[in-house]
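Each chain gets a letter, A, B and so on, in the order its sequence line appears, and its residues count up from 1. The figures that follow rest on heavy atoms only: side chains count, while hydrogens, waters and symmetry mates do not.
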Number of protein chains: 2
Amino acid sequence: MQISEASSKCGLSSDTIRYYEKSGMLPEVGRGGDGNRRFSQENIEWLTLLYWLRETGMSMAQMRRFTRLAKAGPATVSERRRILMDHSEQLHVRRKMLDRCETVLAVKIASYRERSPEDRN
Amino acid sequence: MQISEASSKCGLSSDTIRYYEKSGMLPEVGRGGDGNRRFSQENIEWLTLLYWLRETGMSMAQMRRFTRLAKAGPATVSERRRILMDHSEQLHVRRKMLDRCETVLAVKIASYRERSPEDRN
DNA sequence: TTACACGCTTGGAGCTACTCTAAGTCAAGC
DNA sequence: GCTTGACTTAGAGTAGCTCCAAGCGTGTAA
């Protein structure tokens with residue numbers, strides 16, 4: 001599978017995939033006789049995980065660390081699990097932010113509805 | 001109120017407040033006789049709203065547009081309400097992303113738990 | 001009165017995480 | 001043989017901060 005198909009399967013753009021590879025966030029990606037990248041099913045699964053981690057705010061530094069651990073083999077499984085569990089907690093923090101913002105917006109929108117005598121910002 | 005107090009009240013750093021002002025995302029901020037910025041209660045409310053919009057992913061371009069409309073006066077209220085309502089919908093999209101990511105993480109974490117014969121990435 | 005600290009000011013450099021562009025290679029189809 | 005299209009690289013450009021240096025004005029302490 002070439003890069004554009006990989007891109008449409010994992011959700012990251014081709015540019016981002018190349019950038020992630022250069023930044024050490026992918027395990028070895030093979031090349032065909034034409035010199036182009038060939039993505040395996042495992043590669044796609046990895047990219048898809050990165051897509052979700054990025055989409056929910058994990059830093060590249062953390063993703064790089066996660067990749068390094070995965071490359072190091074099964075001995076690092078517990079450390080990797082820790083990273084994912086920590087990120088899972090981050091998701092709760094973010095959800096709370098969304099909830100609070102929704103309240104803030106609701107109040108602001110309501111203030112726009114009532115036609116007050118003074119200018120409402 | 002000077003910038004550091006404003007910063008601690010709205011949640012944006014002093015640097016970010018100055019940056020936002022320079023980028024046309026604040027209505028006029030007054031200056032004291034010493035040449036330093038003086039923030040009014042209205043300023044703080046505006047900054048706090050920007051804090052929430054940023055925190056939940058609104059682009060600077062959109063925030064700038066929102067500010068421009070607010071400066072233009074009450075005639076733009078309905079357009080501003082539209083912006084906030086659109087952003088409110090965005091929050092739902094983001095929440096769904098968090099939910100899906102949580103599922104992805106749960107699956108991955110579970111795969112780490114079962115000690116499989118092959119190396120699990 | 002001089003000395004130093006503190007909080008503010010500006011302009012500009014540096015950083016993260018992409019995103020886009022230019023210039024080139026290679027294989028397939030006409 | 002020529003064009004088209006997907007790929008390659010290096011490197012420039014962008015968004016949104018974040019930090020730093022150099023300088024100014026006020027306040028306390030010696």
Side-chain angles (χ1 to χ4, degrees), chain A residues 1-26 28-40 43-44 46-68 83 87 90 94 97 101, chain B residues 1-26 28-40 43-44 46-68 83 87 90 94 97 101:
Chain A
M1 190 190 317
Q2 301 230 120
I3 201 163
S4 66
E5 197 185 343
S7 165
S8 67
K9 285 201 178 175
C10 73
L12 299 167
S13 74
S14 300
D15 274 324
T16 301
I17 294 172
R18 279 189 283 258
Y19 174 62
Y20 279 8
E21 188 192 25
K22 202 163 55 180
S23 309
M25 279 154 58
L26 307 190
E28 2 57 61
V29 174
R31 298 276 175 150
D34 54 3
N36 294 1
R37 292 174 183 78
R38 290 298 137 80
F39 295 86
S40 66
N43 288 152
I44 299 301
W46 188 261
L47 287 168
T48 305
L49 180 58
L50 291 186
Y51 166 80
W52 285 107
L53 295 177
R54 174 191 79 159
E55 203 68 17
T56 53
M58 183 179 282
S59 70
M60 282 187 58
Q62 191 75 325
M63 288 197 249
R64 228 182 331 260
R65 183 171 156 242
F66 186 60
T67 307
R68 213 178 331 102
I83 289 174
H87 188 63
Q90 267 305 303
R94 279 164 196 275
M97 293 301 264
C101 185
Chain B
M1 189 191 317
Q2 301 229 118
I3 201 164
S4 66
E5 197 185 343
S7 165
S8 67
K9 287 201 176 176
C10 74
L12 298 167
S13 74
S14 300
D15 274 322
T16 300
I17 293 172
R18 279 188 283 259
Y19 174 64
Y20 279 7
E21 188 192 24
K22 204 163 54 179
S23 311
M25 278 153 59
L26 308 190
E28 1 57 62
V29 174
R31 298 277 176 149
D34 54 2
N36 294 1
R37 292 175 185 76
R38 291 296 136 81
F39 295 86
S40 67
N43 289 153
I44 299 301
W46 188 262
L47 287 168
T48 305
L49 180 57
L50 291 187
Y51 166 80
W52 285 107
L53 295 178
R54 174 192 78 160
E55 203 67 15
T56 52
M58 183 179 282
S59 70
M60 283 187 58
Q62 191 76 326
M63 289 197 249
R64 229 183 330 261
R65 183 171 157 241
F66 186 59
T67 307
R68 214 176 332 102
I83 289 174
H87 187 64
Q90 267 304 303
R94 279 165 196 275
M97 293 301 263
C101 186

* Spacing of A:Asp34 atom CG relative to C:dG24 atom C1', expressed in whole Å -> 15 Å

* Structure fact -> To the nearest angstrom, the OH-P distance between A:Tyr19 and D:dC7 comes to 21 Å

* Any B:Thr48 side-chain heavy atom under 4.5 Å of B:Lys9 side chain -> no

* The side chain of B:Ile3 lies closest to which of these nucleotides: D:dC17, C:dA17, C:dT9? -> C:dT9

* To do: Check the distance between C:dC8's C1' and B:Glu21's CD and give it to me in whole angstrom.
  => 13 Å

* From D:dC7, C:dA17, D:dC17, nucleotide with atom closest to A:Gln2 side chain -> D:dC7

* **A:Tyr20 side-chain N/O to C:dC18 phosphate OP1/OP2 under 4.0 Å** => yes

* Atom-pair distance (CG on B:Leu26; P on D:dC17), nearest Å -> 12 Å

* **Closest heavy-atom pair and its distance - A:Ser14, A:Ser4** => OG-CA, 4.1 Å

* Could you tell me whether A:Ser13 contacts a base, only the sugar-phosphate backbone, or nothing, with contacts defined as non-hydrogen atoms closer than 4.0 Å? => nothing

* With a 4.0 Å cut-off on heavy atoms, is B:Ser59 in touch with a base, just the backbone sugar-phosphate, or nothing at all? -> sugar-phosphate

* Structure fact -> Note: for A:Met25 and B:Arg18 on DNA chain C, the residue whose nearest nucleotide lies more 5' is B:Arg18

* In whole angstrom, what separates A:Leu12's CG from C:dC20's P? -> 14 Å

* To do: Taking all heavy atoms of B:Glu21 and all of B:Val29, pick out the closest pair and write down the distance.
  => OE2-CB, 3.7 Å

* To do: Answer with base, sugar-phosphate or nothing: what part of the nucleic acid does A:Arg31 contact at a heavy-atom distance below 4.0 Å?
  => sugar-phosphate

* To do: Tell me which of B:Arg38 and A:Gly33 sits closer to the 5' end of DNA chain C, going by the nucleotide each one is nearest to.
  => B:Arg38

* To do: For B:Leu47 and D:dC17, give me the distance from atom CG to atom C1', rounded to whole Å.
  => 15 Å

* Gap between atoms CD1 and C1', on A:Ile17 and D:dT8 respectively (whole Å) -> 14 Å

* Asked: Contact class for B:Ser23 (heavy atom, under 4.0 Å): base, sugar-phosphate, or nothing?
  -> nothing

* Structure fact -> Of C:dC8, D:dC17, D:dA6, the nucleotide closest to the side chain of A:Ser4 is D:dA6

* Asked: Phosphate oxygens OP1/OP2 of D:dT9: is one of them under 4.0 Å from a side-chain N or O of A:Arg37?
  -> yes

* I would like to know whether A:Arg38 and A:Gln2 meet side-chain hydrogen bond (donor to acceptor under 3.5 Å, both in side chains); could you show each step before the answer? => CA-CA 5 Å; A:Arg38 290 298 137 80; A:Gln2 301 230 120; 2.4 Å; yes

* To the nearest Å, how far apart are B:Glu5 CD and C:dC6 P? -> 19 Å

* To do: Could you pick out which residue, A:Asn36 or A:Lys22, lies toward the 5' side of DNA chain D when each is mapped onto its nearest nucleotide?
  => A:Asn36

* Hey, mind stepping through A:Tyr20 and A:Trp46 against ring-ring contact (aromatic ring centres under 6.0 Å, His included) and telling me if it holds? -> CA-CA 11 Å; A:Tyr20 279 8; A:Trp46 188 261; over 10 Å; no

* **B:Leu26 side chain reached by B:Leu47 side chain, heavy atoms, under 4.5 Å** => yes

* Is A:Asp15 touching bases, backbone alone, or none of the nucleic acid, heavy atoms closer than 4.0 Å? -> base

